[in-house]
Amino acid sequence: MRILAGLFALIFWLGCGTMNANQRQGSGARDPYLEARKRMVQEQIRARGVKDPRVLAAMEKVPRHEFVPVRFRADAYADQPLPIGMGQTISQPYIVAYMTEQLKLNGDEKVLEVGTGSGYQAAVLAELAREVYTIEIIPELGRRAAETLKRLGYQNVHVRIGDGYRGWPEKAPFDAIIITAAPDHIPEPLIEQLKEGGRMILPVGDVYQELVLVTKTRKGLRKERKIPVRFVPMTGEVAKHPPGEKTDQSAPPQEP
Ligand code: SAH
């Protein structure tokens with residue numbers, strides 16, 4: 001009788017063990033995508049020059065496959081952007097890592113993202129900063145991203161549905177700002193919501209786009225053109241402000 005009870009206890013214990021291991025998505029040895037993620041970091045990100053160890057660790061940790069539609073899961077760690085529905089895309093892993101590294105986060109920051117999309121970039125930021133505020137203009141995408149982030153346990157990401165052109169004034173100023181849809185000029189309200197000493201990275205342009213890093217210093221704005229990129233266009237209010245409207249937009253960005 002005692003042996004039988006022991007046997008039952010053992011079977012129950014084994015059962016629980018398996019369940020827990022399966023539930024620990026994204027971090028345990030049972031994550032079927034862990035190897036693919038490590039390879040992605042080595043071959044696509046580190047090999048191309050991203051060095052910040054905290055950024056590399058975040059890219060290795062965040063389960064990108066959870067942010068892509070189920071039918072694209074097998075390609076979640078491939079060297080390319082992927083469709084996420086509503087005509088939008090999740091950026092290529094290298095671009096996510098590159099833009100994140102440019103923000104030079106140390107863990108204490110309040111960050112604003114415009115263009116939540118799948119929520120993947122927000123999750124990467126959440127690993128590296130204190131609070132992340134992210135705005136998405138397409139309600140369905142914003143809602144889905146908020147659900148994914150909640151399911152994965154991210155408590156320091158706050159999703160708002162709306163037009164990010166005017167930023168999130170109630171939470172400003174921000175230590176860092178990242179825009180993941182391309183405007184044809186740098187939105188003035190976002191410059192205003194950047195802290196002195198803060199950094200903003202964004203794609204700028206129409207057909208031809210470049211990543212621009214904006215640093216706000218006591219003396220003014222420093223703009224550095226980085227690499228050519230291809231993002232979906234920013235929509236909404238941005239279209240009402242032609243590129244030449246603001247005087248400081250008409251000056252070409254400075255080289256580093
Ligand atoms: N960062 C995302 C990818 C973004 S794709 C990710 O990690 O998955 C760009 C997103 O910006 C799209 O979802 C698009 O709907 C959104 N977008 C475009 N214009 C916007 C605006 N004015 N305000 C907020 N979001 C916007």
Side-chain angles (χ1 to χ4, degrees), residues 37 40 45 55 58-59 61-70 72-73 75-78 80-103 111-129 132-149 152 154 157-169 171 174 176-191 193 200-206 209 211 229-241 243:
R37 207 152 54 236
M40 170 192 86
I45 298 173
V55 173
M59 296 299 295
K61 183 173 174 197
V62 178
R64 183 172 161 95
H65 60 276
E66 297 282 355
F67 294 87
V68 305
V70 175
F72 293 124
R73 278 212 172 155
D75 294 325
Y77 298 97
Q80 63 186 65
L82 288 170
I84 53 171
M86 316 295 289
Q88 308 302 317
T89 54
I90 177 175
S91 306
Q92 179 191 5
Y94 167 65
I95 294 295
V96 173
Y98 180 91
M99 291 178 83
T100 307
E101 185 178 51
Q102 295 297 321
L103 298 178
V111 183
L112 174 69
E113 179 191 29
V114 175
T116 315
S118 67
Y120 175 66
Q121 171 76 72
V124 172
L125 294 168
E127 297 284 346
L128 299 166
V132 178
Y133 295 88
T134 180
I135 309 176
E136 171 55 52
I137 204 165
I138 301 177
E140 191 181 324
L141 291 180
R143 277 196 296 269
R144 203 191 305 152
E147 271 168 34
T148 308
L149 290 160
L152 295 173
Y154 287 100
V157 184
H158 314 277
V159 183
R160 172 187 265 189
I161 290 165
D163 188 336
Y165 186 85
R166 300 214 158 256
W168 196 319
K171 299 294 175 187
F174 297 96
I177 299 180
I178 179 169
I179 309 183
T180 61
D184 58 5
H185 65 279
I186 306 174
E188 190 65 27
L190 299 181
I191 293 175
Q193 289 174 31
M200 165 155 72
I201 184 102
L202 74 159
V204 183
D206 289 315
Q209 304 168 2
L211 284 183
V229 283
R230 194 83 208 242
F231 275 80
V232 295
M234 185 184 254
T235 58
E237 189 179 338
V238 69
K240 293 191 208 146
H241 304 270

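Since the structure is predicted, the reported quantities are computational estimates derived from the model, not experimental observations. In each ligand, atom 1 is the first atom listed, and ligand 1 is the first ligand listed.
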Any non-hydrogen side-chain atom of H241 less than 4.5 Å from a side-chain atom of P183?
no

Backbone or side chain, does any N or O of Y165 fall under 3.5 Å from an N or O of ligand 1?
no

Ranking P203, A123, S118 by closest non-hydrogen atom to atom 8 (O) of ligand 1, top hit is S118

D163, portion touching ligand 1 at heavy-atom distance under 4.0 Å
both

Taking non-hydrogen atoms only, is M86 closer than 4.0 angstrom to ligand 1 via side chain, backbone, both or neither?
neither

The answer for which part of V96 has a heavy atom under 4.0 Å from ligand 1 is neither

Hey, looking at atom 2 (C) of ligand 1, which of T116, I84, L82, I90 has the closest heavy atom?
T116

Using a plain distance cutoff, I'd like to know if I137 has any nitrogen or oxygen under 3.5 Å from a nitrogen or oxygen of ligand 1.
yes

Answer side chain, backbone, both or neither: which part of E136 comes under 4.0 Å from ligand 1, heavy atoms only.
both

Does an N or O from G164, backbone or side chain, lie closer than 3.5 Å to an N or O of ligand 1?
yes

Quick one, I90 and F72 - any side-chain contact, counting heavy atoms below 4.5 Å?
no

Kindly confirm or rule out an N or O of T235 lying under 3.5 angstrom from an N or O of ligand 1.
yes

Region of L141 engaging ligand 1 - heavy atom pairs below 4.0 Å:
side chain

Please report whether ligand 1 has a polar contact with S91, defined as an N or O pair separated by less than 3.5 Å (distance criterion only).
no

Counting only heavy atoms not in E140 (residues, nucleotides, ligands), do more than 12 fall under 6.0 Å from its CD?
no

When you check the gap from the basic side-chain N to the acidic O, do R73 and E66 get nearer than 4.0 Å?
yes

